[in-house]
Colleague: 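Got a structure for you, questions after.
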Amino acid sequence: MTLLGWCPGGRPVDVMLNLYPGTGTVRLFVGAGKPIPEWGGPVLGPLGTTVVPHLSFKTWDLGPVVKLVDGIPDGQLLILTYAHEPEQGTAAGDPTPEVFHARWAELVAALADHPKRDRLLLVPVYTRYWWQANRGDRRWLVTAPVDAHGWDIYNNGTGYRSPDDLLAIPRQVALDTGLPYLVAELGATVVGANVTGRSAWMRSMVDAAKADGALTVAWFHKDDWDLTTGLDAQQTWQTLITREAPVTTAPRNLLDVRTLLLAELGPYGLEPAEVGIVGDPNHRGGYHCGRNRTLRGDYSVVESRRDSTGLTDNASGLDLGTFSYRAPDGRIHNLASFSKWCVGQCAADAPDTADIREIIYSPDGRTVRRWDRLGKRTSGDSSHRTHTHFSFFRDSTKAGRDQTPLFRRYLASIGLIDQEDDMPTIEEIQTAVERGIHTALTKAAARPDPYGRQVGDAIAKLLAPVYAGQRALGEAIAREAANPDEVRALLAELPRPEPVDVDELAQAVADRVPEGTGPVSRAELVAAIREVLAGLAVPAS
């Protein structure tokens, strides 16, 4: 995803936001001797938390810069640049190369352990034209561990230069450093009378930058590059911003969870706006974002292979707000008790929690805690005092696995819905076996991760006809009976599956698992299958 935006060029930010709906980033400059803006002030305030500010400052004073980072709102991303276009020389007030590098190293070190470092991108910005005129001269290239390199790119000459020409230097630096680039300023005046040519050039530059994975492209909306003087170019940039506006989708399986919770807890105070899946535009990275809005090194992608292999345009997170339900026995059930119950189920490795990566919650409305299956983190930000966040491994949303069973069990446990038959679905069997077989076998010796999945898939396929038959019969009954109570009664009379001979099952599984997956003894496999099936309430002989 590439965020598109502009430099206000002296115009009020709110006017520009209205002119370019869907804006993803805004380029802001703090001149020498000018104060760093405040988050709620006239410069940053109009942006809310839906736009990423790219702020450049000239005066070297770390105190106000750290204060700005301290105040980054929850979910907001900030791009920060010291001394943009440093190549202009000391006569223009820029530091020498030695001072420039020393200050960037100091800035990076000062913010390295900041608690909001993950919401901050440190990006030096260079003048592409200077690098073109001084080919091979890299005296200004920052070597401190920054997050990206930025470029101010303007068309010059007698025609519209191609993206391959203008982006050659940014691409080479990105290749050499292994870091992405962004276009901090983009601009072109009309060449001759060819207004439509400029619009075509704008589109080609954005398309090329997007294909490169550029983080942002911002038009320098000022002076000779003011788009309000050219309606065609203005409409082109509006269209490009709308086209590139982040789009993350909600997967069907999490929408089903949302529908269930609103149906049952809505009468007890849970509002639709409190059950969210897709992050609003201020979300940059994390499980509420699909791949078009994740960040480089995003924890929701890189910390687990289940996430990196399952990354799609789907969000994979769910937020739940407040409710209060008084059960017939007088007990009060609310967000805090719900959250603690879910965490307890995860900690106990209940089969229907296998796809939950983390839960961020408050047990008392004051402290914030995090249960993390990977053991990476133990807390979260203060917004989780009033809502609980569930992260689901991305491969589970990619596969569309049903995530309602855990929440149905909770609703049944507090008496809001009837307890359902505990016979697991094929999907639940496969998920639990994948995890359970691997866990059981690794007690004796390490096994590769794919082993559990292959065994689980084989077992699920062997059991599928039995359970599919049960579901088909149940669906047939449901079609014939209009009375819900009658349906429940008829379903309750369904025969349970015939007992499964686990020895025969183990042998059948062994026949289906590819050679070289193990090695594992038949006795180990039988023991593991017995252990898993017992936990699933699958009848075993």
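Remember, predicted model here, so these are calculated numbers, not experimental data.
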Colleague: Between the main-chain N or O of Pro73 and the side-chain N or O of Arg119, is there a donor-acceptor pair closer than 3.5 Å?
Modeller: yes

Colleague: Given Ser204 and Asp207, is the side chain to side chain donor-acceptor pair (under 3.5 Å) satisfied, shown in steps?
Modeller: CA-CA 5 Å; Ser204 68; Asp207 289 343; over 6 Å; no

Colleague: For the side chain to side chain donor-acceptor pair (under 3.5 Å) test, which of Asn314, Thr312, Asp313 pairs with Thr249?
Modeller: Asn314

Colleague: Any idea which heavy atoms bring Val125 and Ala184 closest together, and the distance?
Modeller: CG1-CB, 3.7 Å

Colleague: Please say whether more than 12 non-hydrogen atoms of neighbouring residues, nucleotides or ligands are located less than 6.0 Å from CZ in Arg369.
Modeller: no

Colleague: I need the Leu80 CG to Ile36 CD1 distance, nearest 0.5 Å.
Modeller: 7.5 Å

Colleague: Hey, are Tyr82 and Glu106 close enough side-chain-wise for a donor-acceptor pair under 3.5 Å?
Modeller: no

Colleague: Are Asp94 and Lys58 packed together at the side-chain level, in the sense that at least one heavy-atom pair is separated by less than 4.5 angstrom?
Modeller: yes

Colleague: For the residue pair Pro272 and Arg258, establish whether any side-chain heavy-atom pair is separated by less than 4.5 Å.
Modeller: yes

Colleague: Just so I know, are the side chains of Leu406 and Ile356 near enough to count as touching, which here means a heavy-atom distance under 4.5 Å?
Modeller: yes

Colleague: Kindly determine whether Val43 and Glu38 satisfy side chain to side chain contact (heavy atoms under 4.5 Å, CB included), including the steps that lead there.
Modeller: CA-CA 8 Å; Val43 177; Glu38 298 179 354; over 6 Å; no

Colleague: Hey, does the side chain of Thr81 reach the backbone of Pro124 with a donor-acceptor pair shorter than 3.5 angstrom?
Modeller: no

Colleague: Quick one: does Lys34's side chain have a donor or acceptor within less than 3.5 Å of a partner on Phe29's backbone?
Modeller: no

Colleague: Side chains of Leu186 and Trp201: does their closest heavy-atom pair fall under 4.5 Å?
Modeller: yes

Colleague: Whether Asp147 and Arg117 form a salt bridge (side-chain N of Lys/Arg under 4.0 Å from carboxylate O of Asp/Glu) is what I want to check.
Modeller: yes

Colleague: Check for a donor-acceptor pair, side chain of Asp364 on one end and backbone N or O of Arg366 on the other, with a separation under 3.5 Å.
Modeller: yes

Colleague: As an exercise, state the distance from CZ of Phe390 to CD of Gln403, rounded to the nearest 0.5 Å.
Modeller: 11.0 Å

Colleague: For Pro53 and Leu47, which heavy atoms make the closest approach, and how far apart are they?
Modeller: CB-CD1, 3.8 Å

Colleague: Quiz question: by atom type and distance under 3.5 Å, do the side chains of Asp319 and His384 form a donor-acceptor pair?
Modeller: no

Colleague: Between Thr177 and Val173, is there a donor-acceptor pair closer than 3.5 Å when you use the side chain of the first and the backbone of the second?
Modeller: yes

Colleague: Sequence neighbours left out, what passes side chain to side chain donor-acceptor pair (under 3.5 Å) with Trp6? Give chain and number order.
Modeller: Thr23

Colleague: Going through the distances and angles, do Arg305 and Asp395 end up as a side chain to side chain contact (heavy atoms under 4.5 Å, CB included)?
Modeller: CA-CA 9 Å; Arg305 182 166 174 77; Asp395 62 356; over 6 Å; no

Colleague: For the pair Asp372 and Arg370, evaluate salt bridge (Lys or Arg N to Asp or Glu O under 4.0 Å) and give the outcome as yes or no after the intermediate values.
Modeller: CA-CA 6 Å; Asp372 186 348; Arg370 183 188 312 228; 5.5 Å; no

Colleague: So which heavy atom on Gly71 is nearest to which on Lys116, and how close?
Modeller: C-NZ, 4.0 Å

Colleague: Return the minimal non-hydrogen interatomic distance between Thr386 and Thr322, and the atom names on each side.
Modeller: O-CG2, 3.7 Å

Colleague: Is there a donor in the side chain of Thr216 and an acceptor in the side chain of Thr25, or the other way round, less than 3.5 Å apart?
Modeller: no

Colleague: From Asp152 CG over to His84 NE2, what is the distance, rounded to the nearest 0.5 angstrom?
Modeller: 6.5 Å

Colleague: Of all heavy-atom pairs between Leu3 and Gly24, which one has the smallest distance, and what is that distance?
Modeller: CD1-O, 3.8 Å

Colleague: Distance-only, no hydrogens or angles: does the Arg198 side chain make a donor-acceptor pair with backbone N or O of Ala188 under 3.5 Å?
Modeller: yes

Colleague: Would you say the rings of Phe393 and Tyr287 are close, in the sense that their centroids are separated by under 6.0 Å?
Modeller: no

Colleague: Is a donor on one side and an acceptor on the other found under 3.5 Å between the side chain of Ser391 and the backbone of Gly317?
Modeller: no

Colleague: A side-chain contact here means heavy atoms from C-beta on lying under 4.5 Å apart; do Tyr154 and Glu185 qualify?
Modeller: yes

Colleague: Would you indicate whether the side-chain heavy atoms of Trp104 and Leu107 approach each other to under 4.5 Å?
Modeller: yes

Colleague: Is it the case that the ring center of His221 lies less than 6.0 angstrom away from the ring center of Tyr20?
Modeller: yes

Colleague: Looking at Leu44, Leu122, Ile72, which hits side chain to side chain contact (heavy atoms under 4.5 Å, CB included) with Leu78?
Modeller: Ile72

Colleague: Determine whether Leu411 and Leu260 satisfy the following criterion, side chain to side chain contact (heavy atoms under 4.5 Å, CB included), listing intermediate values before the conclusion.
Modeller: CA-CA 10 Å; Leu411 295 170; Leu260 170 68; 3.9 Å; yes

Colleague: Is the closest side-chain heavy-atom distance between Leu68 and Trp39 below 4.5 Å?
Modeller: yes

Colleague: For His288 versus Leu318, what's the shortest heavy-atom pair and its separation?
Modeller: CE1-N, 3.8 Å

Colleague: Give me the one residue out of His149, Glu85, Arg138 that meets side chain to side chain donor-acceptor pair (under 3.5 Å) with Tyr126.
Modeller: His149

Colleague: Backbone N or O of Phe323 within a donor-acceptor pair of the His333 side chain at under 3.5 Å?
Modeller: no

Colleague: Between SG of Cys342 and CD1 of Ile359, what distance do you get to the nearest 0.5 Å?
Modeller: 5.5 Å

Colleague: Kindly check if the number of other-residue, nucleotide or ligand heavy atoms within 6.0 Å of CG (Asp113) is above 12?
Modeller: no

Colleague: So, applying salt bridge (Lys or Arg N to Asp or Glu O under 4.0 Å) with Glu303, which one of Arg394, Arg373, Arg357 is it?
Modeller: Arg357

Colleague: If we only count heavy atoms from C-beta on, is the Val343 to Pro363 side-chain gap below 4.5 Å?
Modeller: no

Colleague: Which residue in the set Tyr129, Trp130, Trp140, Trp131 passes side chain to side chain donor-acceptor pair (under 3.5 Å) when paired with Glu87?
Modeller: Trp131

Colleague: Look up atom CG in Asn155 and atom OG1 in Thr189, then write down how far apart they are to the nearest 0.5 Å.
Modeller: 7.0 Å

Colleague: Assess, by modelled atom type and distance only, whether the side chains of Thr259 and Asp256 contain a donor and an acceptor separated by less than 3.5 Å.
Modeller: no

Colleague: Give a yes-or-no answer on whether the side chains of Ser396 and Arg306 include a donor-acceptor pair shorter than 3.5 Å.
Modeller: no

Colleague: Considering only residues two or more places apart or on different chains, which pairs with a residue in residues 157-170 satisfy side chain to side chain donor-acceptor pair (under 3.5 Å)?
Modeller: Gln132-Arg161, Asn156-Arg161, Arg161-Asp165, Asp164-Arg171

Colleague: Using 0.5 Å steps for rounding, measure from the CG atom of Leu270 to the CG atom of Leu335.
Modeller: 9.0 Å

Colleague: Side chains of Asp381 and Ser383: any donor to acceptor distance under 3.5 Å?
Modeller: yes

Colleague: Could you go through Asp402 and Asn253, starting from their C-alpha distance and side-chain angles, then the distance that decides it, and tell me whether this counts as side chain to side chain contact (heavy atoms under 4.5 Å, CB included)?
Modeller: CA-CA 6 Å; Asp402 184 11; Asn253 58 348; 5.8 Å; no

